[in-house]
Structures are given as C-alpha cells and as structure tokens.
Participant: 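Quick one: structure below, then a few questions.
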Amino acid sequence: MTCVESQLQELHLIQHSLLPGESFSFVLPAEDSRIWTSLLHSFNTPTALPSLPSPVPQVKFQVKAVDARISFEVQFPERYPEDSDVNVPFISVNGDDMSGDEHRRWRAFVQEKLVEVQGNDYPIYQLLCMHLLPKLHEDEHSINTGLSESMVVLEQQSTNRLPKTADYHALLTSHHLVSPTKRRSLQRWSSDLSISGFAKVGYPGIIYAQGSQENVEEFVANIKSMQWLALRVRFVEPIDLTNDENHQGWSEFQKVGEVVEEMRRRGSDKYITEMGIGSSVLK
C-alpha cells in the first residue's frame, strides 16, 4: 500500500468515526482540496483510485465540534506513515479567545497523547477520536454549565459517597452498532440487570441505560468487554428516577431523531444535545 493510500485509509476512518455535531474538512488551496476530496470520495466507493498528480499535494485537514471554541488542524508529511519517528504529523490547536495558558495546556495534552499513540495503527485517528474530541466535549460541557474545577471535585466527592443502591444512568457511543450478536447481548443484559434504555443501531451506535448503580456499572462493563470501533463512555452518573415509572424495558431505534425524542420524553435530552448528539435534528 502506498503512502497516499495509507493516508486515505486513515482519513476515511476519521471521517466515518465522527459523531453528530463533529465535522471534517480539508484546509487547502482550492485545487489541492479538489484533488483530496476526489481521492477520498473514490476511496469510499468500490472504484479504482483516479490517476494521481505528481507530486500529490500534502494533505491538511481540520476536525472540530459544533459550537466549540477550539478546533484541530492536522498536516500529514508526504511520506507519512512510513518511518513514523521521522514523518510525524503536525497538529495545531486553534481557537477564538484562547488564553496563553489555555493554549499551552492544550499543546501539552496533544504532545502527551501523541507520544501514547505513536507506534499504533492509525495514530492520528486514535489521537483525534479517542483523546482530543472527547476532551473537547468535556471542557465545553463544563464551560456551558458554568462548573468550576472546584465544583466538579465536590460533585465527584459527593458521587463517591452515594450508596450502591442509588439510581444511575449511562450513555455510550460508537462508530456503529450493527452486529446482531451485540444487539441480542444488550437485550439479554438489560433483562438480566433490570436495565431500562435503548440502543440506536446503524451509524453511529448510541446506547443509553438506566437502573441501579451496581447494575448500570455491570451493564457498561459488559459492553466494554466486547470489540468495538471508537467506543466512548460519555458518562456513568447518578440520576433521580423517583418519579420515573413510565420507562421500562429495552428498545431499539434507527435514527438519531428518535433518540432525541426518546430522551426528551425521559426529560434527559440535555445529556445528548450538550454533547452535540442530535444537535442538527433540533435546528
């Protein structure tokens, strides 16, 4: 496989692992952008790649989240991913109204995680989808809800003191949920553990569960024990289910809009819309 084909494979994985509210775009001159858009489109279809210009322009792209102040730009060296110790992609963190301290913290986080993913398959995919985007959502969520670091610590301490009989809920997302085996397992576990919730099948996969703390934590552990592409545990936290008597059993949905509507019926739509899931449905 050539370097360009390897780069296209990683770009394809990044593009198709983004969740609703996250976007991918090339940051290139118009002609170079046209070339890479055509190459990526051809790579996504069962047709042969078009003839390549010589040389192929270096690719540079941006990944960001809707309404987030910060975005990430990545440039692949011409020979990436060959000799990854030498051909290290350049990653920049850009944002409006970023203080010097905030920019330095982000740069340090990027460098730390870049070292962790080096040597793995598709390191930039792992860096963006497993580290940078989740942290971006967490930071934006904290800012939007007005939580200071001290309040977060106090909340975590309070959560740790809750008895194991407390009601909990959890939200997980993945690149996709198609496997009949996984879907049957979710239904079986929800029944065995008295879990109320749903799974959104297809692309992306979304799983939501409510129940006792012990059962929800076991349910999440069972899910994590399976093989997934880009599985993210968005949260596992307490919830007040005192007056919630109308949501029992396990359901499946096909569309993100159905997920938003179900969460609205549960009075919990903010948990997904604040993370960008379903934001386009509400517009």
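Numbers for residues simply follow the sequence, beginning at 1.
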Participant: Would you call the rings of W189 and F219 parallel, tilted or perpendicular, taking 30° and 60° as the class edges?
Facilitator: perpendicular
Participant: Going by heavy atoms in the side chains, are F61 and L28 under 4.5 Å from each other?
Facilitator: no
Participant: Is a donor on one side and an acceptor on the other found under 3.5 Å between the side chain of E262 and the backbone of V259?
Facilitator: no
Participant: Near Q227 CD, under 6.0 Å, is it more than 12 heavy atoms from other residues, nucleotides or ligands?
Facilitator: no
Participant: Below 4.5 Å, heavy atoms only, C-beta onward: do L114 and V88 meet side chain to side chain?
Facilitator: yes
Participant: Look at R183 together with E252 and state whether they make a salt bridge at an N to O cut-off of under 4.0 Å.
Facilitator: yes
Participant: Would you say Q7 and H12 make side-chain contact, with heavy atoms under 4.5 Å?
Facilitator: no
Participant: With hydrophobic residues grouped by side-chain heavy-atom distances under 4.5 Å, do F90 and I70 end up in a single group?
Facilitator: no
Participant: Give the minimum heavy-atom separation between Q126 and D121, together with the two atoms involved.
Facilitator: NE2-O, 2.9 Å
Participant: Can the positive tip of K60 be found less than 6.0 Å from the middle of the six-membered ring of F76, inside 45° of the ring normal?
Facilitator: no
Participant: Tell me if a side-chain donor or acceptor on H175 pairs with a main-chain N or O of H16 at a distance below 3.5 Å.
Facilitator: yes
Participant: May I have the step-by-step check of ring-ring contact (aromatic ring centres under 6.0 Å, His included) for H131 and F109, ending in yes or no?
Facilitator: CA-CA 9 Å; H131 298 292; F109 183 78; 7.0 Å; no
